[in-house]
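Report on one structure; see the data block that follows.
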Protein chains: 2
Amino acid sequence: MTAAKHDVFQAIADPTRREVLRLLSNEEMPISKITSYFSISRTAIVKHLHILAEADLVQAKKQGREKLYMLQPEPLNEVKEWLSYYEQFWNNKLSVLKHFVEEGETQGLSLVESKEKKRTT
Amino acid sequence: MTAAKHDVFQAIADPTRREVLRLLSNEEMPISKITSYFSISRTAIVKHLHILAEADLVQAKKQGREKLYMLQPEPLNEVKEWLSYYEQFWNNKLSVLKHFVEEGETQGLSLVESKEKKRTT
DNA sequence: ATAATATGAAACCATTAGGTGTTATATTTA
DNA sequence: TAAATATAACACCTAATGGTTTCATATTAT
């Protein structure tokens with residue numbers, strides 16, 4: 001269970017942590033190297049890494065005196081799925097139409113547009 | 001400029017705010033009705049609404065004594081774009097392959113798998 | 001063995017986040 | 001007009017965030 005105080009949404013909320021993820025997407029790195037890219041202390045970076053690890057977005061393996069961190073992007077899928085619900089609402093009218101046609105009359109869409117068309121005839 | 005202390009990533013980090021967004025995706029609602037869905041105070045809900053508004057995820061219009069809030073999902077596109085960078089790294093081998101085929105040999109993929117296949121013959 | 005390097009861990013601090021309750025003001029409705 | 005409703009605006013509280021500095025420990029290189 002491990003309570004998991006930090007979920008993926010909180011983990012990616014911080015810009016520094018997003019930058020860390022970006023760094024690790026290119027290659028795995030020890031803490032000291034990650035820190036070298038930022039102007040904050042190593043301790044602060046370690047805390048961010050702990051939060052990312054809690055959300056399973058990074059994984060670490062000790063190698064000698066170094067601790068190598070690597071990206072683990074799978075949990076981002078949760079965010080993607082969350083987003084997918086909202087995609088029907090933005091983008092363009094086409095996607096709204098697509099949703100309407102595929103899923104039927106949900107969300108109070110209520111065929112207003114086609115009624116309007118009829119009225120103008 | 002308005003400094004915009006809260007960006008979209010921070011706005012969606014809180015579960016209550018995500019629930020508010022979900023509510024508003026069905027219909028626009030006054031504050032009191034939104035509050036009725038939660039067990040926290042109206043004041044707390046209002047603060048969440050302010051944060052969502054700062055991130056442009058909701059918009060309000062006053063109607064009589066009520067203030068109607070509605071969803072404005074466009075800013076979520078920023079999250080989607082951010083995510084799209086990482087999609088190449090997770091999902092399944094198929095999507096990696098897809099990216100490989102479409103975009104060419106980037107990210108150090110280096111055709112390891114097909115070499116392995118040859119070796120087993 | 002010693003010095004340098006990499007990390008771990010603790011104590012501390014200021015600000016923000018998320019919540020509360022109270023009081024005031026605007027708008028309906030009876 | 002008076003009562004009810006919807007929101008606004010404060011003041012306040014506690015815990016979490018994001019950062020610091022300092023000291024200890026493990027590993028590597030000279």
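Within every chain, numbering begins at 1; the chains are lettered A, B, ... in the order of the sequence lines, protein sequences first and strands thereafter.
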With sequence neighbours excluded, residues passing side-chain contact (heavy atoms from CB on, under 4.5 Å) with B/A44: B/I40, B/S41
Pairs where residues 25-44 of chain A contributes a residue and the test salt bridge (charged side-chain N to carboxylate O under 4.0 Å, His left out) is met, not counting sequence neighbours: A/E27-A/K33, A/E28-A/K61
Within residues 14-24 of chain B or reaching into it, pairs that qualify as salt bridge (charged side-chain N to carboxylate O under 4.0 Å, His left out) - sequence neighbours excluded: A/D7-B/R18
Residue pair B/T35, B/V46: steps toward the side-chain contact (heavy atoms from CB on, under 4.5 Å) verdict: CA-CA 9 Å; B/T35 304; B/V46 168; over 6 Å; no
In one Ile/Leu/Val/Met/Phe/Trp/Tyr side-chain cluster, 4.5 Å: B/V79, B/L57: yes
Single-linkage hydrophobic cluster, 4.5 Å side-chain cutoff, A/M29 and A/L71 together: yes
Under the side-chain hydrogen bond (donor to acceptor under 3.5 Å, both in side chains) test, residues paired with B/E81 that sit two or more places apart: B/N77
By side-chain hydrogen bond (donor to acceptor under 3.5 Å, both in side chains) - contacts of A/Q72 (at least two apart): A/Q59
DNA chain D: 5'-most and 3'-most nucleotides touching chain A, 4.0 angstrom heavy-atom criterion: D/dT17 to D/dT28
Between the first and last five pairs of the helix from C/dA1-D/dT30 to C/dA30-D/dT1, the angle of the axes, rounded to 10 degrees: 20°
Derivation of the side-chain contact (heavy atoms from CB on, under 4.5 Å) call for A/M70 and A/L68: CA-CA 7 Å; A/M70 72 190 79; A/L68 295 183; 5.8 Å; no
Ring pair (Phe, Tyr, Trp, His ring centres under 6.0 Å) contacts in which one or both residues fall within residues 49-82 of chain B, not counting sequence neighbours: B/F9-B/W82, B/W82-B/Y86
Sugar-phosphate or base contact per nucleotide [nucleotides 2-18 of chain C; S, B, -; heavy atom under 4.0 Å]: --BBSBBBB------SS
